[in-house]
Amino acid sequence: MGLEEKRVEVAGVEWYYLEQQPAKETDKPPVVLLHGLPSLSFCWTEVMPGLAQEGFRSVAPDWIGFGLSGKPEKSKFAYTPDAFVAALDNFLTTLEIDRCYLVVQGFLGSVGLQFALRHPDKVLRLAVLNAPVTPDSQLPWKMQQLGLPLMGEMMTQDPLLVDRTLEAGSKYTISDADLDIYRRPFLKSSAAGRSLMWTIRNLKLKQAMAEIAEGFPQWDKPTLILWGIEDPWLPLTQGETFAGSINNAELVKLAEAGHYPQEHWSEEVTQALIPFFRRREV
């Protein structure tokens, strides 16, 4: 079965997500893939077919406020880590996913990590791709600007900011066809830009990093850290530090990949995820 586009209403807000079922029914836990900033679920479309071939169902949502998911006003959704964690929990509950393999990436990956720490019974294995993971992780200036008064309000209404941010982070040119998909939410209404601005303003990265630094030394679930070493915003040393703080972690370096490794190095990412998910626990 191929990639399917789906929608579901959760607590009054519509979630858009991609889902791919394996060719044969299995008892393997589903893989949940979470995108970063200012990306979309679309970034996982080259990874999901490979997972399906190996018997894994995969689900990749657009976060609330992003892509084709609902974009509620901040009076109805706070766009804070706590709000995103609670929303993700409700989304997975609605899809009847009570246990999963979780994959997080980028500057919303911190929210995925906070979800794992707060719901360890729901995350059987964790994979981290170029996400903020240590107290010295900071939003790059290119993203910080999007949350500034006046400047952020103007910049987040410019669809070209997606091009500039994604290409700056990946250090590769993204095809026009793919950029059309990333730009589309910003061309449809001003809500996408406002949601991005509110997310950046309320990301509370310092507090999130403190929670992650305190919680993960006690984390005992199998963890894979995949790091594009050409990331201009999050150096390899941060991935190494994080890996060293976890008892059951493996670090895989992607030599030529940048901040969004699943975009340009999807085959290498898939080839690393599959044996990690298939590996038997000793």
Note to self: I'd like to know if the side chain of Glu19 reaches the main chain of Glu4, judged simply by a donor and an acceptor atom lying under 3.5 Å from each other, with no hydrogens or angles considered.
What the structure shows: no
Check: Under 3.5 Å, is there a donor-acceptor pair between the side chain of Thr45 and the main chain of Phe42?
Finding: yes
Note to self: For Tyr260 and Tyr172: C-alpha separation, side-chain torsions, deciding distance, then whether ring-ring contact (aromatic ring centres under 6.0 Å, His included) applies.
What the structure shows: CA-CA 10 Å; Tyr260 305 94; Tyr172 280 85; over 10 Å; no
Checklist line | ring-ring contact (aromatic ring centres under 6.0 Å, His included) involving Phe277 - partner list, sequence neighbours excluded | finding: Phe56, Tyr101
Check: Will you find, in the side chains of Ser170 and Glu263, an N or O donor that is under 3.5 Å from an N or O acceptor?
Finding: no
Checklist line | Salt bridge present between Arg183 and Asp163 (N-O < 4.0 angstrom) | finding: yes
Check: Taking all non-hydrogen atoms of both residues, which atom of Val13 and which atom of Gly70 are closest, and how far apart?
Finding: CG1-CA, 4.1 Å
Notebook entry, point to check: Sub-3.5 Å donor-acceptor pair from the side chain of Lys221 to the main-chain atoms of Leu126, do we have one?
Noted result: no
Notebook entry, point to check: Between Asn130 and Asp231, do the side chains contain an N or O donor and an N or O acceptor separated by less than 3.5 Å?
Noted result: yes
Note to self: Quick check on the 6.0 Å ring-centre criterion: do Trp63 and Phe66 meet it?
What the structure shows: no
Check: Gln262 pairs by side-chain hydrogen bond (donor to acceptor under 3.5 Å, both in side chains) with which of Glu268, Glu46, Gln105?
Finding: Gln105
Check: Are any side-chain N or O atoms of Asp62 and backbone N or O atoms of Leu40, one a donor and one an acceptor, separated by less than 3.5 Å?
Finding: no
Notebook entry, point to check: When you measure from the side chain of Arg125 to the backbone N and O of Pro222, does any donor-acceptor pair fall under 3.5 Å?
Noted result: no
Next item on the list: I would like to know whether Lys122 and Asp89 meet salt bridge (Lys or Arg N to Asp or Glu O under 4.0 Å); could you show each step before the answer?
Entry: CA-CA 9 Å; Lys122 298 184 178 183; Asp89 189 29; 2.4 Å; yes
Margin query: Can you confirm whether more than 12 heavy atoms, excluding those of Arg7, are under 6.0 Å from its CZ atom?
Written below: yes
Next item on the list: Could you tell me which non-hydrogen atom of Leu95 sits nearest to which non-hydrogen atom of Arg57, and how far apart they are?
Entry: O-NH2, 4.3 Å
Item checked: Basic-acidic side-chain contact under 4.0 Å: Glu211, Arg118 -> yes
Check: Do you see a donor-acceptor pair shorter than 3.5 Å between the side chains of Ser195 and Tyr79?
Finding: yes
Notebook entry, point to check: Mind checking whether Val133 and Phe216 have side chains closer than 4.5 Å, heavy atoms only?
Noted result: no
Margin query: I'd like to know if the side chain of Trp233 reaches the main chain of Gln138, judged simply by a donor and an acceptor atom lying under 3.5 Å from each other, with no hydrogens or angles considered.
Written below: no
Item checked: Crowding at NZ, Lys188 (>12 non-hydrogen neighbours, <6.0 Å) -> no
Note to self: Using a strict threshold of under 4.0 Å (side-chain N to carboxylate O), is an ion pair present between Glu14 and Lys71?
What the structure shows: no
Next item on the list: Measure from the side-chain N and O atoms of Glu167 to the backbone N and O of Ile174, and report whether any donor-acceptor pair falls under 3.5 Å.
Entry: yes
Margin query: If I compare all heavy atoms of Asp121 with all of Arg99, which pair ends up nearest, and what's the gap?
Written below: O-CG, 3.9 Å
Next item on the list: Mind listing the closest non-hydrogen atom pair of Pro185 and Ala192 along with its distance?
Entry: O-CB, 3.5 Å
Notebook entry, point to check: Where the side chain of Asn202 meets the backbone of Trp198, is there a donor-acceptor pair that is under 3.5 Å apart?
Noted result: yes
Next item on the list: Grab the two heavy atoms, one from Lys142 and one from Gln145, that are nearest each other, plus how far apart they are.
Entry: CA-NE2, 3.6 Å
Check: Is the backbone of Gly55 close enough, under 3.5 Å, to the side chain of Thr26 for a donor and an acceptor to pair up by distance?
Finding: yes
Margin query: In the structure I gave you, are the side-chain heavy atoms of Leu88 and Val111 within less than 4.5 Å of one another anywhere?
Written below: no
Checklist line | Phe84/Phe77 under ring-ring contact (aromatic ring centres under 6.0 Å, His included): CA gap, chis, key distance, verdict | finding: CA-CA 9 Å; Phe84 280 117; Phe77 184 76; 5.3 Å; yes
Next item on the list: Under the salt bridge (Lys or Arg N to Asp or Glu O under 4.0 Å) rule, what do Lys253 and Glu240 come out as? Steps first, then yes or no, please.
Entry: CA-CA 10 Å; Lys253 303 172 188 177; Glu240 291 172 332; 3.7 Å; yes
Item checked: Closest non-hydrogen atom pair between Gly258 and Pro261, with its separation -> O-CD, 3.5 Å
Next item on the list: Quickly, which of Leu113, Leu108, Leu102 forms a side chain to side chain contact (heavy atoms under 4.5 Å, CB included) with Leu34? Name it, please.
Entry: Leu102
Note to self: I'd like to know if the side chain of Thr134 pairs up with that of Asp136 as donor and acceptor (distance under 3.5 Å, no hydrogens or angles considered).
What the structure shows: yes
Note to self: Is the distance between the ring centroids of His259 and Phe107 under 6.0 Å?
What the structure shows: yes
Notebook entry, point to check: Is Lys28 reaching over with its side chain to a backbone N or O of Glu54, donor-acceptor style, under 3.5 angstrom?
Noted result: yes
Margin query: I'd like to check Leu205 versus Pro132 (side-chain heavy atoms, cut-off strictly below 4.5 Å). Are they in contact?
Written below: yes
